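Everything on this sheet refers to the single structure shown next.
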There are 2 protein chains.
Amino acid sequence: MVLSKACTYGILASLYVAREASRSRGYVSIGRMSEELNISFHFLTKILQQLTSAGIITSMKGPKGGVALRRDPKEISLVDVIVAIDGMGLFTDCLLGLPGCGEEKPCPVHDDWADIRASLFQAFRDKSLADTALRIDELNLRFALPTGAKAARDNAVIGRGRPE
Amino acid sequence: MVLSKACTYGILASLYVAREASRSRGYVSIGRMSEELNISFHFLTKILQQLTSAGIITSMKGPKGGVALRRDPKEISLVDVIVAIDGMGLFTDCLLGLPGCGEEKPCPVHDDWADIRASLFQAFRDKSLADTALRIDELNLRFALPTGAKAARDNAVIGRGRPE
DNA sequence: ATTAATTAAGATAAAAGAGTCTTAAATCAA
DNA sequence: TTGATTTAAGACTCTTTTATCTTAATTAAT
């Protein structure tokens, strides 16, 4: 797996918050978000805490509490979210896990992987939450996780409502 | 992690066998290979069994036994090894783990990731064990895993012998 | 045939990742 | 102030991956 599950959840949640932010002011409830995205509430909470300590979101306790983006969604890239949860490893580590691999002492696949991970980094550094959230609405893209195993078919899509 | 540890070990082992094959005939001892690559013998054995059942290598028991490539190393690509151990997921799955993500029903990052995973596939499909093993010798590339934690510095390199 | 060397295979263990549960702390509303 | 709501934090469980250990099966050499 390229991204950890926690990281993919973090991205989906960030996009969800970015979309909500463009609709109404105020904080987005984690409980509601976990239901709509079909992500375990407590697990999601932990992930959002990581995003909080990374300075990507802020949180507020109590009624009407929840989370909100800390900066303008135009200024937050997907790389920011990925790095906050999975670290820089994807963009820096040797594909074969050989420590010390680099330009001076490359591993057998260094050159190819270095190119590819660089384009990965570039693609996701240039993709802001704002852009990506906008694309979701414009193209009516897939977004939420399926509710069950079989749900891989009747794809849940935010904005159209989800099947019970 | 992009590739599982088992998969990176499988690649290193395949390259090792390819290099040995170009030197002497006969089977390559798993015990010796595990020592030189600093990979746990029993774990490596299991990985090689996967490569065996995938038709990439053959094995022989008994004295002078070991493993050998089943086909011409020019005809075995890194993709073959990766797929044998980690499956096709890296080259087919949605980055965000959304099942059903595809051209018709893309996820928010589908387009970028589809490009990148395609170039990943292409790069490693066009890289044969023969080519890669040759490059190791020509450029005196890094190859083996470090023996310990600190060994990340005094990088072990096959062909120069390893420090005790 | 016997023995030593070597891979195969299965059981077990340790570590990491993913997910759940409980309690505490903060906030809002009445 | 009290109570309800919501996030924070830590302990705990479950699963998968990684690694080890033991025993069996096969082969070569004597």
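Please read all numbers here as calculations on a predicted model, not as lab measurements. Residue numbers begin at 1 in each chain, while the letters A, B, ... track the order of the sequences.
- Residues satisfying the side chain to side chain contact (heavy atoms under 4.5 Å, CB included) criterion with A/S29, sequence neighbours excluded, are A/R32.
- Within the structure, ring pair (Phe, Tyr, Trp, His ring centres under 6.0 Å) contacts touching residues 30-52 of chain B (residues at least two apart or in different chains) are B/Y9-B/F43.
- If you take CE of B/M33 and P of C/dT6, they are 13 Å apart, rounded to a whole angstrom.
- Rounding to whole angstrom units, CD of residue A/E35 and P of D/dT6 are separated by 11 Å.
- Evaluation of the salt bridge (Lys or Arg N to Asp or Glu O under 4.0 Å) rule for B/D137 yields B/R19, B/R23 as partners, not counting sequence neighbours.
- The list of ring pair (Phe, Tyr, Trp, His ring centres under 6.0 Å) pairs with a residue in residues 82-137 of chain A, not counting sequence neighbours, reads A/F91-A/F121.
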### Query
Run the side chain to side chain contact (heavy atoms under 4.5 Å, CB included) check on A/L69 and A/T58 step by step: do they pass?
CA-CA 6 Å; A/L69 295 178; A/T58 22; over 6 Å; no

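- Within residues 52-63 of chain A, the residues that have a heavy atom under 4.0 Å from DNA chain C are, in order of number, A/M60, A/K61, A/G62, A/P63.
- At whole-Å resolution of the value, OH in A/Y27 and C1' in D/dA8 are 15 Å apart.
- The interatomic distance linking B/I85 (CD1) with D/dT18 (C1') rounds to 13 Å, in whole Å.
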### Task
Would you mind building the protein contact string for nucleotides 15-23 of chain C? One character per nucleotide, 5' to 3', B for base within reach (heavy atoms under 4.0 Å), S for sugar-phosphate only, - for untouched.
---SBBBB-

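- Protein atom CG of B/D86 is 13 Å distant from nucleotide atom C1' of D/dT18, rounded to whole Å.
- As rounded to whole Å, 15 Å separates atom C1' of D/dT20 from atom CD1 of B/I39.
- Side-chain contact annotation: B/D86 with B/S4, donor-acceptor N/O pair under 3.5 Å present.
- In this structure B/R117 satisfies the salt bridge (Lys or Arg N to Asp or Glu O under 4.0 Å) test with no other residue, sequence neighbours excluded.
- Counting to the nearest Å, the P atom of D/dG10 and the CD atom of A/Q50 are 13 Å from each other.
- For residues 72-84 of chain B, the pairs satisfying side chain to side chain donor-acceptor pair (under 3.5 Å) are B/S77-B/D80, with sequence neighbours left out.
- Rounded to a whole Å, the CZ atom of A/R32 is 18 Å from the C1' atom of D/dT7.
- In this structure, A/Y27 has no ring pair (Phe, Tyr, Trp, His ring centres under 6.0 Å) partners at least two apart in sequence or on a different chain.
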